[in-house]
**Q** 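First, the structure itself, so that you have it in front of you.
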Amino acid sequence: MPARPEVVFAGTNGGALDRVEDYEAAGGFRALAKARAMAPDDVIAELEVSGLRGRGGAFFPTGRKWAFVPKPEQLAKPHYLVVNADESEPGTFKDREIILRVPFRFLEGCLIAAYAIQSQHVFVYIRGEYEREFEVLRDALEAMRKRDLLGEITVVLHRGAGAYICGEETALLESLEGRRGQPRTKPPFPAIAGLYAAPTAVNNVESITTVTSVLELGAAEYATLGVENSTGTRVFSLSGDVVTPGNYELPHGITLRELIYDVGGGVPGGRDLKAIIPGGSSTAILTASEIDTPLDFDSLVKAGSSIGSAGVVVIDDRCCMVQLGIRVSQFYEHESCGKCTPCRVGTRWLTQILQKIEDGRSSQADLDLLLSVCDRILGKCLCPLGDSDAIAVASYVDRFRDEFQAHIETGRCPLGGDSSLEGILAPSAQHERHLHEVVHA
Amino acid sequence: MTTAIYSRVQKLRKQYPEPTSAVLPALRLAQEEHGGWLPPEALREVADALDVTPAFCLSIASFYDQLRLEPVGRHLVEVCTNVSCALAGAQQVVEAFERGLGISAGTTSADGGFTLGTVECLGGCGWATVVAIDNRHRLRVQAEDVAGIIEELHAREA
Ligand SMILES: Cc1cc2nc3c(=O)[nH]c(=O)nc-3n(C[C@H](O)[C@H](O)[C@H](O)COP(=O)(O)O)c2cc1C
Ligand code: FES
């Protein structure tokens with residue numbers, strides 16, 4: 001069993017530290033006091049030393065991001081901290097557990113971050129489907145207000161309404177300003193012109209929660225955890241064909257084998273591992289033979305994938321990779337905001353070509369076309385939503401080409417109706433099926 | 001003219017430097033007040049309260065999956081069928097609800113009691129299958145559990 005230092009979930013003993021008295025008794029709000037006794041720039045410097053990098057998916061150094069935000073004397077506009085609690089990347093469910101189990105550590109991190117970038121205004125954009133999480137945060141904020149911990153700072157909980165794209169930071173800002181959640185052109189980056197065109201830091205829930213721990217432990221101490229370039233712990237969301245799915249906080253650099261077998265109990269029913277999605281559905285798939293890949297930024301890049309949001313999905317040998325491609329592609333097709341043509345049209349096209357392959361109606365040219373559509377999406381849009389679909393689908397072909405080839409050559413799915421994803425009904429297909437039923441009734 | 005939600009929307013507006021930011025919370029509020037969807041008069045109420053047009057409100061409402069422009073049943077059952085839930089048997093859960101409620105996914109029962117649908121990842125992949133019932137998440141739902149859930153919802157109706 002790998003060592004399991006707890007930073008984000010420290011002091012919870014597997015439960016929740018969700019009462020303000022308990023959090024205080026466990027040393028809560030000391031990090032905030034420590035930060036407020038420092039100069040804002042020194043807090044930023046501390047974050048840089050810690051090596052903390054964004055947990056939302058892009059892994060951008062948190063301290064550096066804050067350093068990009070102009071000082072109030074440089075740009076006389078209000079400054080904003082916007083926290084991304086829109087968690088919607090398939091395979092990812094960690095921010096939700098962080099909010100439920102350590103709401104005060106998270107809110108303390110918001111106040112520290114606001115102090116560091118000299119902001120008086122915090123907006124937490126929380127995904128609309130998270131009802132209980134919203135209530136927990138609302139009550140936690142109220143408890144902090146009563147204890148006068150907020151000072152001059154206002155914290156607004158802003159609820160989304162169901163749109164994956166609003167997790168992309170500029171789409172999130174559009175949504176928060178009251179528009180459709182469509183990404184903006186960058187530059188300007190949010191640090192310069194973000195919310196209401198004012199300097200804004202956008203950070204993920206886990207990043208912000210970890211800020212509290214960094215201040216508490218001290219940056220140098222925090223940096224001893226994890227590996228080079230990927231310091232600290234990570235809350236890995238483990239799901240799919242695994243005995244004990246759940247969120248596990250572990251240091252960066254543990255291997256997929258340790259996570260899936262030692263922590264997660266392996267694949268149920270003694271079945272064989274087939275594939276692993278390492279960082280949410282937007283990341284390239286790995287095969288069972290890559291099980292010894294360490295879970296850190298550099299190792300996953302070297303393996304041709306990405307640590308993404310650290311949502312690890314385990315897939316056993318019952319799953320058809322073409323069907324996986326269809327289901328993943330249906331998601332991106334459904335969630336495309338429609339602003340950029342390659343994404344809007346390309347994601348739909350990928351689904352259709354994959355369906356043709358699965359149905360045994362395809363020729364070799366369709367596989368070429370599939371990969372060519374992936375190429376024509378990649379890097380051609382304002383945001384990487386379409387890229388995610390292209391990267392995922394192209395990786396399924398790359399890693400499981402024989403299986404795609406078998407569909408084409410034999411005109412049928414090699415799993416012959418027994419795939420674990422057989423018949424799955426995606427929201428995007430649900431409406432079409434309904435129309436079909438009405439027409440044929 | 002002041003409507004039921006007018007004064008509550010004014011309060012929401014004050015949370016933001018710019019009032020348009022309140023459109024999403026205001027639409028959520030209006031939807032709650034109108035039985036889970038946004039009929040044209042709901043859009044008009046929000047528009048009046050925020051000094052925008054109903055067309056603008058419609059442009060926002062049509063973008064977000066949780067905002068609904070068609071009537072929904074008194075109970076809303078949404079099954080996640082994204083990858084992790086699908087691997088855990090979400091399709092069997094969908095079919096059990098279809099059989100139990102006598103409607104197909106994507107439709108509402110004739111008596112307006114239930115709307116059944118499939119949805120994308122609800123952020124609970126490790127507790128698959130996740131089913132949102134009236135927006136509250138049930139975790140680790142299996143096909144065998146469905147009859148009990150339906151019974152419970154019928155009991156709530158009575
Ligand atoms: C399509 C798309 C969806 C995203 N969804 C999320 C999300 O749900 N939560 C999140 O924190 N970041 C998400 N991101 C990443 C954000 O754009 C941004 O990088 C992040 O919030 C920055 O915070 P961090 O530096 O603390 O990671 C998404 C990005 C894209 C392109
Ligand atoms: S896949 Fe169902 S909750 Fe994420």
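Note on naming: letters A, B, ... go to the chains in the order of the sequence lines (proteins, then strands), and numbering restarts at 1 for each one.
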**Q** Flag the pair E135(A) and R136(B) as a salt bridge only when some basic side-chain nitrogen lies within less than 4.0 angstrom of an acidic carboxylate oxygen.
**A** yes
**Q** Under a 4.5 Å heavy-atom cut-off, does chain B meet the side chain of Y130(A), its backbone, both or neither?
**A** side chain
**Q** Apply side-chain hydrogen bond (donor to acceptor under 3.5 Å, both in side chains) to T20(B) and R179(A), showing your working.
**A** CA-CA 8 Å; T20(B) 318; R179(A) 284 190 286 274; over 6 Å; no
**Q** For the interface with chain B, which of G423(A), P427(A), C166(A), A429(A) has the highest count of heavy-atom pairs at distances below 4.5 Å?
**A** P427(A)
**Q** Measuring heavy-atom distances to chain B, does L421(A) have an atom under 4.5 Å in its side chain, in its backbone, in both, or in neither?
**A** side chain
**Q** Quick check on the interface: out of G181(A), P245(A), G160(A), who has the most heavy-atom pairs with chain B under 4.5 Å?
**A** G181(A)
**Q** Between N135(B) and E129(A), is there a side-chain heavy-atom distance shorter than 4.5 Å?
**A** no
**Q** Based on non-hydrogen pairs under 4.5 Å, which of H121(A), H334(A), R132(A), E87(A) is most in contact with chain B?
**A** H334(A)
**Q** Tell me, yes or no, whether the heavy-atom count around E151(B) atom CD, taken from other residues, nucleotides or ligands under 6.0 Å, exceeds 12.
**A** no
**Q** Looking at L27(B), V23(B), T81(B), which makes the most heavy-atom pairs under 4.5 Å with chain A?
**A** T81(B)
**Q** In the structure I gave you, are the side-chain heavy atoms of S175(A) and Y64(B) within less than 4.5 Å of one another anywhere?
**A** yes
**Q** Which heavy atom of L87(B) sits nearest a heavy atom of V313(A), and at what distance?
**A** CD1-CG1, 4.3 Å
**Q** Determine whether Y16(B) and L195(A) make a side-chain contact, defined as any pair of heavy atoms from C-beta on separated by less than 4.5 Å.
**A** no
**Q** Examine whether an atom of R96(A) lies under 4.5 Å from a heavy atom of chain B, and if so say whether it belongs to the side chain, the backbone or both; otherwise answer neither.
**A** side chain
**Q** Which atoms of Q323(A) are under 4.5 Å from chain B, going by heavy atoms: the side chain, the backbone, both sets, or neither?
**A** neither
**Q** Taking all atoms of both residues into account, what is the closest heavy-atom pair of F123(A) and P17(B), and its distance?
**A** CZ-CD, 3.9 Å
**Q** Given that the side chain runs from C-beta out, which part of A132(B) has a heavy atom under 4.5 Å from chain A: side chain, backbone, both or neither?
**A** neither
**Q** Identify the heavy atoms of G91(A) and C121(B) that sit nearest to each other, and give their distance.
**A** N-SG, 4.1 Å
**Q** Considering only heavy atoms, which portion of A128(B) lies under 4.5 Å from any heavy atom of chain A: side chain, backbone, both, or neither?
**A** neither
**Q** To the nearest 0.5 angstrom, please state how far the CG atom of L122(B) sits from the CZ atom of R127(A).
**A** 6.0 Å
**Q** Contact part of R159(A) toward chain B, heavy-atom cut-off under 4.5 Å: side chain, backbone, both or neither?
**A** both
**Q** Can you tell me which portion of S281(A) sits under 4.5 Å from chain B's heavy atoms? Options are side chain, backbone, both or neither.
**A** neither
**Q** Using non-hydrogen atoms only, which part of Y80(A) is less than 4.5 Å away from chain B: side chain, backbone, both, or neither?
**A** side chain
**Q** Looking at Q91(B), E18(B), E95(B), which makes the most heavy-atom pairs under 4.5 Å with chain A?
**A** Q91(B)
**Q** OG/S84(B) to CD1/I315(A) distance, rounded to the nearest 0.5 angstrom?
**A** 8.0 Å
**Q** Are the side chains of Q430(A) and V119(B) in touch, meaning some heavy atoms are under 4.5 Å apart?
**A** no
**Q** Which heavy atom in E177(A) sits nearest to a heavy atom in S21(B), and how many Å separate them?
**A** CA-OG, 3.4 Å
**Q** Is it the backbone or the side chain of N247(A) that comes under 4.5 Å from a heavy atom of chain B, or both, or neither?
**A** side chain
**Q** Taking every heavy-atom pair that is under 4.5 Å apart, which of S420(A), G240(A), A163(A), P90(A) has the most such pairs with chain B?
**A** P90(A)
**Q** Quick one: what part of V242(A) sits under 4.5 Å from any heavy atom of chain B, side chain, backbone, both or neither?
**A** neither
**Q** Search all heavy atoms of L24(B) against all heavy atoms of A161(A) and return the closest pair with its distance.
**A** CD1-CB, 4.1 Å
**Q** Closest approach of V83(B) and R327(A), non-hydrogen atoms and distance?
**A** CG2-CG, 4.2 Å
**Q** Give the member of C80(B), A88(B), G124(B), A90(B) that has the highest number of heavy-atom pairs under 4.5 Å with chain A.
**A** G124(B)
